[in-house]
Engineer: 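Questions regarding the structure given below will be posed in turn.
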Amino acid sequence: MSTMRQVAREQIELHIPASEEALLVVRLTASGVASPGALDMDALEDFKTAVHEACFLMIHQPLGFERLGVKFTWGDALCVSVTGEGERVAKQEEIPPDADMCRIILESLVTSANLTMEGPHIAAVALCADVMGG
């Protein structure tokens, strides 16, 4: 007989314009959800950087979104998902990101990183970092 550990999961959802100006709110939220001792200082900085980069990827692609949905959850791990919302917006000046390279870079900062693709475009990014004592 096995038992599963029950872990309460908390969450915060943000819906922001897909612009660099809105990224400060996301970065501050990332810091806030991790600050009660969930991550050591180095891991906290890596998590904030990864969250910023995930949003940056979603904003700077040839076929971006009007808005981003950013959902933080925490309990046994600290996770964030970034999804595009609204209509796709063509941005001719943007070069398509190399999804494999982006995933590798994100995985160097957090425990896991997954990119959901729609053809050559990134539709969502999911990140998780292990918490201390978890």
Side-chain angles (χ1 to χ4, degrees):
M1 179 171 132
S2 68
T3 59
M4 293 183 67
R5 187 172 86 170
Q6 295 290 326
V7 178
R9 300 224 25 114
E10 301 289 333
Q11 72 179 31
I12 293 176
E13 289 187 47
L14 303 173
H15 301 275
I16 61 169
S19 68
E20 287 190 47
E21 292 79 16
L23 294 185
L24 179 59
V25 173
V26 176
R27 195 169 173 89
L28 289 171
T29 304
S31 183
V33 299
S35 65
L39 303 173
D40 64 38
M41 291 305 292
D42 289 336
L44 174 60
E45 287 304 315
D46 287 349
F47 183 74
K48 291 189 309 187
T49 300
V51 170
H52 182 273
E53 289 302 312
C55 292
F56 190 87
L57 283 173
M58 294 293 292
I59 292 168
H60 293 285
Q61 53 182 328
L63 198 56
F65 293 94
E66 293 177 322
R67 302 183 61 76
L68 298 180
V70 184
K71 181 178 177 180
F72 293 91
T73 58
W74 62 96
D76 54 343
L78 179 57
C79 300
V80 63
S81 63
V82 181
T83 56
E85 297 179 340
E87 296 293 319
R88 287 279 196 167
V89 179
K91 300 176 184 177
Q92 300 300 339
E93 73 279 4
E94 299 294 344
I95 298 170
D98 180 334
D100 289 332
M101 182 60 71
C102 293
R103 183 186 46 74
I104 289 167
I105 292 168
L106 290 170
E107 284 179 342
S108 74
L109 297 168
V110 293
T111 307
S112 67
N114 294 302
L115 278 64
T116 302
M117 305 298 294
E118 288 179 352
H121 307 289
I122 300 170
V125 180
L127 309 170
C128 282
D130 290 336
V131 297
M132 294 190 316

Engineer: Please check if Val89 and Ile16 belong to a single hydrophobic cluster, counting links between Ile, Leu, Val, Met, Phe, Trp and Tyr side chain heavy atoms closer than 4.5 Å.
Structural biologist: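 As far as the 4.5 Å side-chain criterion goes, Ile16 and Val89 are not connected within one cluster.
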Engineer: Closest heavy-atom contact between Leu115 and Cys102?
Structural biologist: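 Closest heavy-atom pair between Leu115 and Cys102: CD2-CB, 4.1 Å.
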Engineer: Should Thr49 and Arg27 count as side-chain neighbours, where that means a heavy-atom distance under 4.5 Å?
Structural biologist: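 Sidechains of Arg27 and Thr49: in contact.
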Engineer: Heavy atoms only: give me the nearest Pro62-His121 pair and the separation to one decimal.
Structural biologist: CB-CE1, 4.4 Å
Engineer: Roughly how far, to the nearest 0.5 Å, is the CG atom of Leu24 from the OG1 atom of Thr29?
Structural biologist: 9.0 Å
Engineer: Do you know which two heavy atoms are closest between Leu127 and Ala54, and how far apart they sit?
Structural biologist: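 Taking every non-hydrogen atom into account, CD1-CB, 4.0 Å.
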Engineer: As an exercise, state the distance from CG of Leu28 to CG of Leu14, rounded to the nearest 0.5 Å.
Structural biologist: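 These two atoms lie 10.5 Å from each other.
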Engineer: Which pair of heavy atoms, one from Ala30 and one from Phe47, lies closest together, and at what distance?
Structural biologist: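 Ala30 and Phe47 have their closest heavy atoms at CB-CE2, 4.0 Å.
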Engineer: Nearest 0.5 Å please: distance from the CD atom of Gln11 over to the SG atom of Cys79.
Structural biologist: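 Answer rounded to 0.5 Å: 11.5 Å.
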Engineer: Determine, using the 4.5 Å side-chain heavy-atom cutoff (strictly less than), whether Leu23 and Ile12 are members of one ILVMFWY cluster.
Structural biologist: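 Linked within one cluster.
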Engineer: Just to verify, what does Glu21 make a side chain to side chain donor-acceptor pair (under 3.5 Å) with, not counting sequence neighbours?
Structural biologist: Ser19
Engineer: Which atom pair, heavy atoms only, marks the closest approach of Leu78 to Val131?
Structural biologist: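 Leu78 and Val131 have their closest heavy atoms at N-CG1, 3.7 Å.
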Engineer: Is it true that a side-chain atom of Lys91 and a backbone atom of Ile59 form a donor plus acceptor pair closer than 3.5 Å?
Structural biologist: yes
Engineer: Looking only at non-hydrogen atoms, find the nearest pair between Met58 and Thr83 and report the distance.
Structural biologist: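 Distance-wise, the nearest heavy atoms are CE-C, 3.8 Å.
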Engineer: Counting distance only, does the side-chain N/O of Glu85 pair as donor-acceptor with the main-chain N or O of His15 below 3.5 Å?
Structural biologist: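 Here the side-chain-to-backbone pair does not exist.
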Engineer: Between Glu10 (side chain only) and Trp74 (backbone N and O only), is there a donor and an acceptor less than 3.5 Å apart?
Structural biologist: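 No; zero donor-acceptor contacts below 3.5 Å.
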Engineer: I'd like to know if Ile122 and Ile104 are part of one continuous hydrophobic network [Ile/Leu/Val/Met/Phe/Trp/Tyr, side-chain heavy atoms within less than 4.5 Å].
Structural biologist: no
Engineer: Below 4.5 Å, heavy atoms only, C-beta onward: do His52 and Val26 meet side chain to side chain?
Structural biologist: no
Engineer: For His60, give me all partners under ring-ring contact (aromatic ring centres under 6.0 Å, His included), at least two apart in sequence or on another chain.
Structural biologist: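 Applying ring-ring contact (aromatic ring centres under 6.0 Å, His included) to His60 gives Phe56.
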Engineer: Got Leu57 and Leu106 here, is their nearest side-chain heavy-atom distance under 4.5 Å?
Structural biologist: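 Yes. Closest side-chain heavy atoms under 4.5 Å.
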Engineer: Got more than 12 heavy atoms from elsewhere within 6.0 Å of CE, Met117?
Structural biologist: yes
Engineer: Under the side chain to side chain contact (heavy atoms under 4.5 Å, CB included) rule, what do Arg88 and Phe65 come out as? Steps first, then yes or no, please.
Structural biologist: CA-CA 5 Å; Arg88 287 279 196 167; Phe65 293 94; 3.2 Å; yes
Engineer: Just how far is it from atom CE of Met132 to atom CG of Leu44, taken to the nearest 0.5 Å?
Structural biologist: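 Those atoms lie 10.0 Å apart.
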Engineer: Side chain to side chain contact (heavy atoms under 4.5 Å, CB included), that's the test. Do Leu109 and Glu45 meet it? Break it down for me.
Structural biologist: CA-CA 9 Å; Leu109 297 168; Glu45 287 304 315; over 6 Å; no
Engineer: Rounded to the nearest 0.5 Å, what separation is found between the CG atom of Asp46 and the OG atom of Ser108?
Structural biologist: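 The OG atom of Ser108 is 7.5 Å from CG of Asp46, to the nearest 0.5 Å.
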